[in-house]
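Please read these numbers as outputs of a predicted model, since none were measured by experiment. Per chain, numbering begins at 1; letters A, B, ... match sequence-line order.
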There are 2 protein chains.
Amino acid sequence: MRNAAEAGTGVQSVDRALSILEVLARTGEGGVTEIAAELGVHKSTAFRLVATLESHRLVEQTGDRGRYRLGVGILRLAGATTARLDLVQEARPICRQLAADTGETVNVAVLSDGSALYLDQVAGSSALQPHNWVGQHIPLHATSNGKVLLSGLADHELDAALGTLSTYTEHTITRRAKLRDELARVRDQGYALAVDELEVGLTAVAAPVRNAHGDVVASMSVSGPSFRLGAERLDHVVALTVSSAAEVSHRLGWGHR
Amino acid sequence: MRNAAEAGTGVQSVDRALSILEVLARTGEGGVTEIAAELGVHKSTAFRLVATLESHRLVEQTGDRGRYRLGVGILRLAGATTARLDLVQEARPICRQLAADTGETVNVAVLSDGSALYLDQVAGSSALQPHNWVGQHIPLHATSNGKVLLSGLADHELDAALGTLSTYTEHTITRRAKLRDELARVRDQGYALAVDELEVGLTAVAAPVRNAHGDVVASMSVSGPSFRLGAERLDHVVALTVSSAAEVSHRLGWGHR
DNA sequence: GCCCATTGTTGCGCTTGACGAAACGAAGTC
DNA sequence: GACTTCGTTTCGTCAAGCGCAACAATGGGC
């Protein structure tokens with residue numbers, strides 16, 4: 001199966017090495033033989049590539065039986081990536097404050113390749129830390145962040161961005177017409193909600209972050225268990241989220257006459 | 001400069017490509033010529049490698065003047081890495097080693113709703129063992145773990161996290177001013193001690209675990225009866241604890257640049 | 001406006017470095 | 001204990017990646 005080899009042009013061995021990273025990202029872990037089969041190369045070739053990746057700590061062995069998985073070098077590179085993004089830089093202190101004020105987890109996401117890419121996360125003070133979403137691609141129609149990001153698109157862009165609207169729970173919006181109505185409401189009220197739409201028991205609030213031109217460049221969300229985000233508390237959280245997102249927007253140059 | 005030289009062995013072109021990622025992580029962004037000079041290769045070589053990296057979205061152009069920086073592909077890989085890589089799982093083998101080296105009990109704790117929540121515990125080899133604390137909420141001001149976790153907070157967060165400082169023994173720190181001094185010392189020296197502060201005869205050493213952003217996300221401690229953790233042995237245990245916590249931090253992506 | 005300096009980008013031969021086959025050692029399985 | 005299957009190593013061959021040099025595009029200085 002010729003999968004990620006679409007990047008046909010380029011330096012062959014580098015291309016293959018990077019494909020290995022993608023394979024490991026997809027499968028979690030794998031042995032040399034398995035990887036070699038996936039790429040369609042000899043196992044000695046795969047071994048040499050993996051060894052090179054390992055010397056840079058981008059992959060590591062899982063102790064038992066010499067299987068490989070992605071390593072800490074990736075995280076270090078990711079840290080450098082987000083550290084450079086001025087969006088994350090500007091947003092971080094405000095996210096911290098928002099997380100402290102609400103006690104819930106705060107996320108920042110942007111639109112990337114038809115799904116929401118989470119750039120940063122600040123854990124709330126509450127116990128159960130949700131797993132880290134950073135770097136994950138999340139469906140757009142079933143999350144508050146996704147709705148906010150979609151609400152910033154023009155109609156024709158919207159069609160391009162949306163694939164099929166998968167069902168996650170019985171509250172997931174799966175009809176396009178209904179989604180359009182929802183997006184209009186989001187645009188109107190300046191924030192989005194998602195209650196039990198991606199996962200039962202999970203509630204999230206998101207508000208848009210705008211650049212100097214007024215475009216929606218990112219979305220900031222607060223999410224937590226639905227029982228902690230009931231009706232009365234939700235209003236307060238919404239207000240905090242909207243003003244935090246507006247503050248970040250200001251720092252990015254929005255609203256300066 | 002500790003770049004490609006140490007990773008001498010391996011597939012040359014892959015080695016160089018990965019070095020480019022490291023260079024960009026360090027410098028933020030750079031042109032082809034600049035990168036080529038850094039690696040000691042011809043510009044055209046650097047260009048081809050960068051182009052290959054770009055086709056996998058690990059680097060991207062900054063629009064203006066064709067300079068390059070790390071791309072979102074890195075974040076996607078990082079997402080796959082952290083998805084499987086939670087704190088307890090990463091810390092466990094290192095906790096085991098630390099418990100074996102010291103013969104004492106090792107704990108991992110995080111901050112949760114104004115107290116320390118113990119996530120994991122590895123019993124030491126010694127016969128005399130403390131009860132299992134996992135899942136327990138423990139006061140912050142009277143434990144080494146608590147001090148470490150508090151030391152990572154800003155001043156206003158500190159006020160919110162601390163209630164009244166209960167007295168457990170005559171060594172318990174109960175005055176806020178004194179606690180602040182203690183926390184400053186903890187921040188400074190990179191570890192915390194608690195001798196007879198929660199319980200007479202109980203000594204503990206704790207060191208911070210940091211994430212990629214440098215935030216204190218957890219605390220790792222070694223604890224045992226005070227008579228086994230006397231002055232001379234304490235230094236050794238402190239050193240082991242600090243380096244173990246640092247190792248976990250590294251696995252979570254801390255320590256770039 | 002023009003020129004020059006410097007950048008990223010692209011063909012092109014030469015040779016080095018990466019490839020695949022096969023042998024090896026270790027671990028598990030029946 | 002033989003068999004299987006894995007990761008790892010060695011080695012000769014050849015194509016893939018390299019450096020060179022020419023090209024294009026941009027910006028700054030005069």
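Of the residues near DNA chain D, A:S13 and A:G31, the one whose nearest nucleotide (by heavy atom distance) lies more toward the 5' end is A:G31.
Across the protein-nucleic acid pair, A:K43 atom NZ and C:dA22 atom P stand 12 Å apart, rounded to whole Å. Atom pair B:D15:CG and D:dA16:P shows a separation of 21 Å (rounding to whole Å applied). The NE2 atom of B:H42 sits 17 Å away from the P atom of C:dC14 (whole-angstrom rounding). Here C:dT10 presents its P atom at 15 Å from CG of B:L49, a figure rounded to the nearest Å.
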Can B:R233 and B:E104 be said to form a salt bridge (charged side-chain N to carboxylate O under 4.0 Å, His left out), step by step? CA-CA 12 Å; B:R233 210 173 149 234; B:E104 305 294 346; 3.6 Å; yes
Should A:R251 and A:E247 be marked as a salt bridge (charged side-chain N to carboxylate O under 4.0 Å, His left out) after you check the CA-CA gap, both sets of side-chain angles, and the distance that decides it? CA-CA 6 Å; A:R251 295 205 182 183; A:E247 173 61 25; 3.4 Å; yes
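OP1 or OP2 of D:dG7 sits under 4.0 Å from a side-chain N or O of A:T33. Checking the phosphate oxygens (OP1, OP2) of C:dA18, a side-chain nitrogen or oxygen of B:Q12 falls inside 4.0 Å. Note on A:R16: a side-chain N or O is less than 4.0 Å away from OP1 or OP2 of C:dC19. The shortest distance between the side-chain N/O atoms of A:R48 and the OP1/OP2 oxygens of C:dC19 is below 4.0 Å. Taking 4.0 angstrom as the limit, A:Y68 places none of its side-chain polar atoms (N or O) nearer than this to OP1 or OP2 of D:dC6. For the OP1/OP2 pair of C:dT7 and a distance below 4.0 Å, the side-chain nitrogens and oxygens of B:Q61 include no atom meeting the criterion. OP1 or OP2 of C:dG8 has not a single side-chain nitrogen or oxygen of B:R67 nearer than 4.0 Å.
One N or O on the side chain of B:S249 and one on the backbone of B:R210 form a donor-acceptor pair closer than 3.5 Å.
Side-chain contact of A:T52 with B:D15: a donor-acceptor pair under 3.5 Å is absent, judged by distance alone. For the residue pair B:S13 / A:S13, a side-chain donor-acceptor distance below 3.5 Å is found, with atom types taken as modelled.
Taken to the nearest 0.5 Å, the CD atom of B:E38 stands 10.5 Å off from the CD1 atom of B:I20.
Among the nucleotides D:dA21, C:dA18, C:dG20, the one closest to the side chain of A:T45 is C:dG20. Closest to the side chain of B:V32, out of C:dG8, D:dG17, D:dG7, is C:dG8. With C:dT9, C:dA21, D:dT9 as the choices, the nucleotide that has an atom nearest any side-chain atom of A:F47 turns out to be D:dT9.
Taking the screw axis at each terminus of the helix from C:dG1-D:dC30 to C:dC24-D:dG7 from five consecutive base pairs, the angle between the two is 50° to within rounding of 10 degrees.
In this structure, B:S44 reaches the bases: a heavy-atom distance under 4.0 Å links it to at least one base atom across the strands shown.
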